[in-house]
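A, B, ... follow the sequence lines: proteins, then strands. Residue 1 opens every chain. On a predicted model such as this, the values are computed, not experimentally measured, just so you know.
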Amino acid sequence: MLQSLESTIISEVAAHVHIRYGITLPVVVEQPKQSNFGEIALPIAFQLAKELKRAPKAIATELVAELPALPGVLSLEVAGSGYINMRLDRAYYGTETLMGGHKAATQPGKIIVEHTNINPNKAAHIGHLRNAILGDTFVRMLRAAGNNVEVQNYIDNTGVQVADVVVGFHYLEKKSTAEVRTFAAAPRFDYLCWDLYARTSSYYGDHKEALVELRAQTLHSIEAGEGELAELATVVADAIVACHLKTMLRLGIVYDVLPRESEILHLEFWAQAFELLKERKAIEFENEGKNKGCWVMRAEAFASSDDEDMDKVIVRSNGTVTYVGKDIAYQMWKFGLLGKDFFYKLWYTYPDGKQLFASSDIPTGEIHQFGAGTKVFNVIDSRQSYLQDVVVAGLRALDFGKQADNSIHFSYEMVALSPRTCVALNITLSEEDQKKPYVEVSGRKGLGVKADDLIDKLIENAQREVNSRHPDVDSAARTKAATAIAIGALRYFMLKYTRNSVIAFDFQEALSFEGETGPYVLYATVRARKILKKLDAELPDFKAVLSRESFAKQLADEELWQYTLAATRADLAIEKALAAGEPSHMARFAFQLAQSFNNFYHGYQVISEQDEEKRIFLIWLTDLFRSQLERSLDILGIEMPEFM
RNA sequence: GGGCGCGUAGCUCAGCUGGAUAGAGCACCGGCCUUCUAAGCCGGUGGUCGCAGGUUCGAGUCCUGCCGCGCCUACCA
């Protein structure tokens with residue numbers, strides 16, 4: 001409601017300023033610091049003061065006198081040194097909100113969001129959770145704003161990390177493919193690989209020469225997709241992907257398609273991109289120097305430096321392709337620039353019936369419309385910005401400037417471990433690490449908190465609380481509620497930080513259910529629902545019983561007016577969070593909305609209100625809060641428990 | 001050395017494209033459960049927004065320099 005009102009005001013004021021002063025300005029509106037200043041503030045006079053070289057206050061006074069009547073706006077006044085404060089017509093505002101129902105317009109084009117992208121060689125950890133939750137929430141925000149979004153989870157099933165686990169199974173543990181297959185079928189195969197990967201990495205440290213050679217050989221056969229090692233890699237990667245999908249499904253995170261690196265290679269996406277890159281001289285072959293025998297991209301293409309040391313190897317001297325190389329081909333496909341497409345096979349059917357497809361190199365006859373987006377968001381942590389720059393430079397070097405501009409690295413800072421959490425996990429820190437404010441999670445070292453362990457711990461926590469509060473409810477229902485609360489806590493925790501803030505993960509903070517947390521928002525929503533549920537049968541048809549006059553009467557109360565305003569800010573919040581690219585803003589809004597409702601809840605007795613007209617209004621307001629809270633939670637991907 | 005990011009209350013963090021008296025949560029102190037769920041509410045303590053300059057009507061926000069911290073700067077991703 002507030003959003004549509006504001007956009008009308010913005011365009012009307014802009015038009016007036018243009019006619020009156022011949023100046024085109026981006027009109028901005030603000031929320032006044034104090035509620036008694038009115039509902040909407042215009043700092044336009046300050047902007048105009050620069051252009052007109054006149055005092056802001058004089059301009060503001062002039063504008064107040066001359067601005068045409070604006071719908072829903074009752075009065076204008078000059079305040080401070082040149083603010084124009086607007087007071088809204090409360091009865092109009094209430095009635096419009098009641099009639100409501102304007103929907104986000106469908107946006108043109110297709111947005112591709114790539115997130116999760118966990119190497120399929122070990123269990124997911126808390127860093128991966130941040131990626132997936134951030135990506136998933138951003139997707140929900142985009143969709144809420146009417147965008148057509150496709151979610152891709154890229155599977156690097158032919159990379160070095162998978163090769164390392166294959167080396168571990170085959171050479172270090174001497175396991176046959178059949179044996180590994182048995183492990184893979186057992187629960188928690190991702191945990192088994194977590195340990196094996198850490199062990200293999202530490203063997204590398206001790207026996208560099210021999211094992212580096214084994215790694216290279218293994219990688220070669222995996223890339224070629226032939227031989228026993230390649231088969232072993234498939235067994236490992238497929239089973240781990242299944243584990244990751246399961247973990248993410250616990251958080252309500254699903255995907256549309258899994259493009260896999262093996263198909264990038266086997267369907268010669270890379271070969272095609274490679275030819276193009278060579279043809280356009282985007283990459284060069286090195287005949288000497290430290291990169292002798294490699295195909296490299298010059299540093300000047302993606303960095304401000306032309307230092308040769310910065311050149312990025314795209315094809316290694318042994319002929320294998322780096323991740324970046326394959327990613328350039330993948331990025332081209334995302335924009336539909338490759339002139340090639342994958343084949344697809346059904347990979348998994350979600351409990352709700354949604355189908356997930358994976359790329360395949362075998363023709364299936366099925367046609368799917370994946371890829372070919374107009375805008376691409378790559379949710380990847382900030383440590384990889386260098387690689388992302390190389391990929392974008394690749395597009396640019398191939399003359400795909402527009403696509404390069406629409407390739408957005410949706411970056412975020414890492415999740416590290418707080419010193420206290422390291423102690424709790426019995427992690428012995430090097431002297432160097434002890435001095436740091438936090439310790440980086442490392443899959444190679446096996447250092448970190450596994451996603452499923454954290455989720456289990458959160459559920460356990462919530463379960464204890466639910467059990468003590470509702471001993472009479474049957475245990476299945478209690479577990480269901482505890483799970484929803486735990487997941488809500490986790491999603492909120494990962495979202496409340498802005499993207500470029502490092503999260504020093506701390507168990508005590510993550511396990512907290514009080515204050516600015518997911519459970520706080522859920523609690524407020526459960527309370528609102530409870531009131532409405534108690535009234536159930538006597539719930540009025542608001543449109544029939546709430547007149548313009550009753551709105552005028554009830555909203556004359558300053559407090560109720562402020563609550564009504566607070567409850568109608570959701571569209572504005574979505575719009576702003578999207579413009580800032582900050583899911584954390586959305587989380588914060590949900591928290592503030594919950595805070596507002598909790599205040600209302602404590603200040604007003606809805607059910608026992610004696611004045612019937614006021615009672616109906618209070619019920620309506622409760623329902624308004626409820627619907628907006630539920631909507632916000634839905635965008636945050638947080639599911640409601642039946643009770644708390 | 002170069003690139004990116006960060007530095008705001010005891011702790012963890014917000015502060016949208018510069019705007020009115022710098023905000024939350026946690027912790028701490030004091031109140032509120034026979035009233036729609038106390039995972040809650042109310043009140044209080046707590047700040048030279050790293051430092052120094054600059055830009056302007058106005059700077060936590062923009063610019064420059066310095067200090068401190070982190071990440072990246074692989075033929076790993």
Between [atom2] of [N] and [atom1] of [X], the distance in whole Å:
{"X": "Arg383(A)", "N": "G5(B)", "atom1": "CZ", "atom2": "C1'", "result": "13 Å"}
{"X": "Glu516(A)", "N": "U12(B)", "atom1": "CD", "atom2": "C1'", "result": "10 Å"}
{"X": "Arg420(A)", "N": "A27(B)", "atom1": "CZ", "atom2": "C1'", "result": "11 Å"}
{"X": "Phe600(A)", "N": "C36(B)", "atom1": "CZ", "atom2": "P", "result": "15 Å"}
{"X": "Tyr492(A)", "N": "C26(B)", "atom1": "OH", "atom2": "P", "result": "12 Å"}
{"X": "Glu6(A)", "N": "C16(B)", "atom1": "CD", "atom2": "P", "result": "16 Å"}
{"X": "Ile155(A)", "N": "A77(B)", "atom1": "CD1", "atom2": "P", "result": "16 Å"}
{"X": "Phe505(A)", "N": "C11(B)", "atom1": "CZ", "atom2": "P", "result": "21 Å"}

Which part of the nucleic acid, if any, lies within reach of [X] when heavy atoms closer than 4.0 Å are counted: base, sugar-phosphate only, or nothing?
{"X": "Val315(A)", "result": "nothing"}
{"X": "Asn599(A)", "result": "sugar-phosphate"}
{"X": "Asp156(A)", "result": "sugar-phosphate"}
{"X": "Ala216(A)", "result": "nothing"}
{"X": "Lys57(A)", "result": "nothing"}
{"X": "Val160(A)", "result": "sugar-phosphate"}
{"X": "Ile380(A)", "result": "nothing"}
{"X": "Lys534(A)", "result": "sugar-phosphate"}
{"X": "Glu514(A)", "result": "sugar-phosphate"}
{"X": "Gln595(A)", "result": "sugar-phosphate"}
{"X": "Val466(A)", "result": "base"}
{"X": "Tyr523(A)", "result": "base"}
{"X": "Leu535(A)", "result": "nothing"}
{"X": "Gln605(A)", "result": "base"}

* Asked: Under 5.5 Å between ring centres and under 30° between planes: true for Phe37(A) and the base of A20(B)?
  -> yes
Between [options], which nucleotide has the shortest distance from any of its atoms to the side chain of [X]?
{"X": "Val606(A)", "options": "A24(B), C36(B), A20(B)", "value": "C36(B)"}
{"X": "Asn598(A)", "options": "A74(B), A14(B), G40(B)", "value": "G40(B)"}
{"X": "Tyr520(A)", "options": "C41(B), U37(B), U73(B)", "value": "C41(B)"}

* To do: Look at the aromatic rings of Tyr601(A) and Phe597(A) and report parallel, tilted or perpendicular, splitting at 30° and 60°.
  => tilted
Base-pairing mate for [N] - Watson-Crick or G-U, with both contacts under 3.5 Å:
{"N": "G30(B)", "value": "C42(B)"}
{"N": "C71(B)", "value": "G3(B)"}
{"N": "A24(B)", "value": "U12(B)"}
{"N": "U64(B)", "value": "A52(B)"}

Spell out yes or no: do the side chain of [X] and the base of [N] have one donor N/O and one acceptor N/O closer than 3.5 Å?
{"X": "Arg469(A)", "N": "A39(B)", "value": "yes"}
{"X": "Asn85(A)", "N": "A20(B)", "value": "yes"}
{"X": "Ser317(A)", "N": "C75(B)", "value": "yes"}

If I pick the [atom1] atom on [M] and the same atom on [N], what distance separates them, to the nearest angstrom?
{"N": "C57(B)", "M": "C13(B)", "atom1": "C1'", "answer": "32 Å"}
{"N": "C29(B)", "M": "G23(B)", "atom1": "P", "answer": "25 Å"}
{"N": "U61(B)", "M": "G43(B)", "atom1": "P", "answer": "31 Å"}
{"N": "G44(B)", "M": "U56(B)", "atom1": "P", "answer": "40 Å"}
{"N": "A77(B)", "M": "C41(B)", "atom1": "C1'", "answer": "49 Å"}
{"N": "C28(B)", "M": "U37(B)", "atom1": "C1'", "answer": "27 Å"}
{"N": "G53(B)", "M": "C71(B)", "atom1": "C1'", "answer": "29 Å"}
{"N": "C75(B)", "M": "A14(B)", "atom1": "C1'", "answer": "43 Å"}

Under 3.5 Å, is there a donor on one side chain and an acceptor on the other for [X] and [Y]?
{"X": "Thr320(A)", "Y": "Glu223(A)", "result": "no"}
{"X": "Thr479(A)", "Y": "Gln463(A)", "result": "yes"}
{"X": "Asn157(A)", "Y": "Ser262(A)", "result": "yes"}
{"X": "Glu609(A)", "Y": "Tyr604(A)", "result": "no"}
{"X": "Asn153(A)", "Y": "Thr116(A)", "result": "no"}

OP1 or OP2 of [N] less than 4.0 angstrom from a side-chain nitrogen or oxygen of [X], does that happen here?
{"X": "His602(A)", "N": "U35(B)", "result": "no"}
{"X": "Ser411(A)", "N": "C72(B)", "result": "no"}
{"X": "Asn500(A)", "N": "G5(B)", "result": "no"}

* Asked: Taking O4'-C1'-N9-C4 for purines and O4'-C1'-N1-C2 for pyrimidines, is C42(B) syn (within 90° of 0) or anti?
  -> anti
More than 12 non-hydrogen atoms from neighbouring residues, nucleotides or ligands closer than 6.0 Å to [atom1] on [X], yes or no?
{"X": "Arg215(A)", "atom1": "CZ", "answer": "yes"}
{"X": "Glu77(A)", "atom1": "CD", "answer": "yes"}
{"X": "Glu639(A)", "atom1": "CD", "answer": "no"}

* Whichever of Lys530(A) and Pro56(A) has its nearest RNA chain B nucleotide further upstream toward 5' -> Lys530(A)
* **Upstream residue (5' side of RNA chain B) when Tyr601(A) and Ile84(A) are each assigned their closest nucleotide** => Ile84(A)
* Asked: Are Trp295(A) and Phe274(A) close enough that their ring centers fall under 6.0 Å?
  -> yes
* Point-to-point distance, once rounded to the nearest 0.5 Å, from CZ of Phe493(A) to CD of Glu509(A) -> 5.5 Å
Enumerate, atom names and distances included, each donor-acceptor pair closer than 3.5 Å involving a side-chain atom of residues 520-527 of chain A, sequence neighbours excluded.
from: Tyr520(A); atom 1: OH; to: Asn598(A); atom 2: ND2; distance (Å): 3.1
from: Thr525(A); atom 1: OG1; to: Val521(A); atom 2: O; distance (Å): 2.8
from: Arg527(A); atom 1: NH1; to: Asn598(A); atom 2: OD1; distance (Å): 2.8

Dump the pairs, protein N or O against N or O of nucleotides 68-70 of chain B, anything under 3.5 Å, distances to one decimal.
from: G70(B); atom 1: O2'; to: Tyr438(A); atom 2: OH; distance (Å): 2.9

